[in-house]
Amino acid sequence: MVRFGTTKDLDDVMDMLDLCKRDMHERKLNIWDANYPTRQTILEDLESKNSVVYEACGHAVAFLVFYPNKTDKYEKYYIQTFMSFKVIF
């Protein structure tokens, strides 16, 4: 089930991100380091209502954040879409 993320999803999302960071590091994709994204950053994403999760068996197993305003910080990592949001890997 796809739904808006809530603060209750924080631990599941952080677990997912830790796995992603390890995999990216092994593949030499150094987009994120050990300190980013932080727990606080993800908490803010969840509180902002700009995130969705895919829930299976009572746990968030996928996480997506919509950034409605383009920021230069992520310029090299985004895919422009026909809508006013971008997807960050």
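- Residues R39 and V13 have side chains not in contact (no heavy-atom distance under 4.5 Å, counting atoms from C-beta outward).
- The list of side-chain hydrogen bond (donor to acceptor under 3.5 Å, both in side chains) pairs with a residue in residues 51-66, not counting sequence neighbours, reads R3-E55, D12-H59.
- By the 4.5 Å heavy-atom criterion applied to side chains, F4 and T6 are not counted as neighbours.
- Considering every non-hydrogen atom in both G5 and D9, the closest pair reads CA-OD2, 3.5 Å.
- Counting only heavy atoms from C-beta outward, the side chains of M14 and D11 never approach each other to under 4.5 Å.
- In this structure, the separation between CG on D23 and CG on D18 is 12.5 Å, given to the nearest 0.5 Å.
- In the hydrophobic clustering of ILVMFWY residues, with side-chain heavy atoms under 4.5 Å counting as a link, Y36 and L46 come out together.
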CA sep, side-chain torsions, deciding dist, call: N50, D45, side-chain contact (heavy atoms from CB on, under 4.5 Å): CA-CA 6 Å; N50 285 336; D45 288 337; over 6 Å; no
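- Using a 4.5 Å heavy-atom cutoff, the side chains of F63 and I42 are in contact.
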